[in-house]
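Heads up, the thing below is written out as structure tokens.
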2 protein chains.
Amino acid sequence: MSGTGEQAAPVLRIEAARLEGFVHAVLTAIGCDRATADAATRAMMHASRHGVDSHGVRLLPHYVSVFNGGRVNKRPDLRVVAEMGAVATLDADHAHGALAAYTGMDKAVELADRAGIGAVAIRNSSHFGPAGAFAMAAAERGFIGFATCNSDSFVRLHEGAERFHGTNPLSLAVPVEGQRPWLLDMATSAIPYNRVQLYKSLGRALPEGTASDIDGVDTTDARRVEMLAPLGGEFGFKGAGLAGVAEILSAVLTGMKLSFDILPMGGPDLSTPRGMGAFVLAIKPSAFLPVEVFQQGMERYRDTLRASRTTEGGVVMAPGDREWAEAERRAVDGIPVDPTSAEAFAGFAAAHGVEWP
Amino acid sequence: MSGTGEQAAPVLRIEAARLEGFVHAVLTAIGCDRATADAATRAMMHASRHGVDSHGVRLLPHYVSVFNGGRVNKRPDLRVVAEMGAVATLDADHAHGALAAYTGMDKAVELADRAGIGAVAIRNSSHFGPAGAFAMAAAERGFIGFATCNSDSFVRLHEGAERFHGTNPLSLAVPVEGQRPWLLDMATSAIPYNRVQLYKSLGRALPEGTASDIDGVDTTDARRVEMLAPLGGEFGFKGAGLAGVAEILSAVLTGMKLSFDILPMGGPDLSTPRGMGAFVLAIKPSAFLPVEVFQQGMERYRDTLRASRTTEGGVVMAPGDREWAEAERRAVDGIPVDPTSAEAFAGFAAAHGVEWP
């Protein structure tokens, strides 16, 4: 995910713990069970703490709509419906995608703990937010975590002229002893859609080859963007192929909907479950080599990377470094809440008797 | 891998079966055991048949040098040195990388057949050639296959100004009933180095942001290229992160050398084993859902992809489609052998009493 350094100045900054308490209280007030409120709050706060605002607390009004509309189940009964050796299939009963993905990763870690690797295909899930949150849940316990999900079509194919894949994120988190993990969390599109929205509001030209107009023709005019390009520019078949990895693991291997069959996230239908899949995997390093050797390797890799020579004015960072730096800033300054979200939050506070910080 | 449509016209075209027999005979004549000659030939011919000439039979002279130099073991004793549940570690005894990777994938498929998923970390391997060949070995048996390897440094970091990662390929192959698999086989660099070499010979400008000069400054002049850029252009942190996935799985998780510690492929030292790792993984679709449902999903996904609307003059292809088309052409026209390789092959024929077709 790209950083938020270019975001427009926020009106409000709220201390993380208070914001977290508010989000949880709203979800509880609308009738979500404890596990659902915990997981949805945890995923949104992961994103809001680390500067990935597109998947942060600004999603709360959307989630409230789909819980109340019936698309997402407030009190789901998640069940492992198939299990064999080191793999399982989890039916999430149309749970919030974050509850489905955290539950799936818990199971993958349990499988990997005894088999060295574990994978869980998740059925009947919903929008899960930041893929990195679930990969990181494995890394926090000393496992390599991988998480992916497809989503409704918004990205064209290489040389394509219509929406085909979703932004289909891939995330890998790798534990580093006593430090923050190595954390890759990337959309397989050339550019995140929130960057397009930002450039539209700034009247700034997009980078070449990152987005297309309604005819699939590349445009740098953010106002004309109807679809994103796959990662890779002239070699966009690579980005489209990576989107396919997400598609195959999270939709084909789960028997769930392909991106072009998923109902749009924003409605108008907020009552029909979207039939989304997801896929999570955990690897236990100590099943392959002494964990000290693994940790020494990770430290040497990351330290050498951070010290690599840069272009003039350039900065090299390991995956995740931008997020950890932003998390430190936000731990001090609070989490920015945009005016639209702040207004919605005040409405929730009034409607449900929850105190708005 | 990019196609070879732009390659300079070859002098010779040799029928695939005859070329395969020649390569195998040369490897046998220099003292390689049967398994080594089989695996190295199979991997080179996979690449040569599918148009990935950079990893095809043009590597034979290099492989002969490193076998004779002692870097690569002509008669290795490959052993599974650790196994737990669904994972194993294979010590390849400095085998040819193709033998190591095919052997590792055989083991991963065996593990996945009983546990739903299987992963093998490979130690003491060497240059393995086309990653797709090993992923495809799983798909040919009905499993999803994944293969990756790091390699000596040639790609800068995002905003970096020195070689850091190798071209670190990632490959995923997915079976499609009764058809060729879905096959993604991509370097994590922005451009393949053979494209740079081709553009140099043609005097043609490289695409923007794909390669840098000795100071790490982007250049479109192929003659000044000292390092490649990571995939993604302005979002090159994604390509660098993907290179990191290859690095962590194939070097850190195996305890083998990081890219910047690997001896150069081309020498001068051709006797010291390079201490390279690799990582392969197999997934059994029927462990997750009925295999017919999986196959219907793959067919619908690939058929819809191939029919997706294109830009004017554009062509959309599923990963692998370019390679299957090239394989059909080459099955008729023969496999191109460039003049430098042809001269080396004639020399091997004379030295070892092997008939050169």
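Below, chain A is the first sequence line, B the second, and so on; all start at residue 1.
Proximity to chain B is limited to the side chain of A:Val174, based on heavy atoms less than 4.5 angstrom apart. Heavy-atom distances place the side chain of A:Asp261, and not its backbone, under 4.5 Å from chain B. Proximity to chain B (any heavy atom under 4.5 Å) is restricted, for A:Ile248, to the side chain, taken from C-beta onward. The parts of A:Ile117 that come within reach of chain B are both its backbone and its side chain, each placing non-hydrogen atoms under 4.5 angstrom from that chain. When heavy atoms are compared at a cutoff of 4.5 Å, A:Ile191 approaches chain B by way of both its backbone and its side chain. The parts of A:Leu242 that come within reach of chain B are both its backbone and its side chain, each placing non-hydrogen atoms under 4.5 angstrom from that chain. Of the two parts of A:Ala86, the backbone and the side chain both hold a non-hydrogen atom closer than 4.5 Å to a non-hydrogen atom of chain B. A:Glu247 touches chain B through its side chain: at least one heavy atom from C-beta onward sits under 4.5 Å away, while N, CA, C and O do not. Contact of B:Glu162 with chain A is made through backbone and side chain together, with heavy-atom distances under 4.5 Å. In this structure, the portions of A:Leu305 lying under 4.5 Å from any heavy atom of chain B include both its backbone and its side chain. Using a 4.5 Å cut-off between heavy atoms, A:Pro319 touches chain B through its side chain atoms alone. Using a 4.5 Å cut-off between heavy atoms, A:Phe294 contacts chain B through both its backbone and its side chain. If you measure heavy-atom distances from A:Thr254 to chain B, the contacts under 4.5 Å come from the backbone alone. Contacts between A:Ala88 and chain B at a heavy-atom distance below 4.5 Å involve the backbone alone (N, CA, C, O).
The backbone N or O of B:Thr310 lies less than 3.5 Å from no partner atom in the side chain of A:Glu159, so there is not a single donor-acceptor pair. For the pair A:Ser171 (side chain) and A:Leu184 (backbone), a donor-acceptor distance under 3.5 Å is present. Checked by atom type and distance alone, the side chain of A:Arg163 never pairs as donor or acceptor with a backbone atom of A:Phe260 at under 3.5 Å.
Note on B:Glu110 versus B:Arg114: salt bridge recorded, some NZ/NE/NH1/NH2 to OD/OE distance being below 4.0 Å.
Separating the OG1 atom in A:Thr220 from the OH atom in A:Tyr199 is a distance of 11.5 Å, to the nearest 0.5 Å. The distance from atom CG of B:Leu253 to atom OG1 of B:Thr89, rounded to the nearest 0.5 Å, is 7.5 Å. One distance of note links CG of A:Asp213 with CD of A:Glu226; it measures 8.0 Å at 0.5 Å rounding.
Interface summary for chain B: among A:Thr304, A:Val217, A:Leu172, the most heavy-atom pairs under 4.5 angstrom belong to A:Thr304.
Within 6.0 Å of the CD atom in B:Glu208, the count of heavy atoms belonging to other residues, nucleotides or ligands does not exceed 12.
Within the structure, side chain to side chain donor-acceptor pair (under 3.5 Å) contacts touching residues 279-298 of chain B (residues at least two apart or in different chains) are B:Asp113-B:Lys284.
A distance below 6.0 Å separates the ring centres of A:His165 and B:Tyr301.
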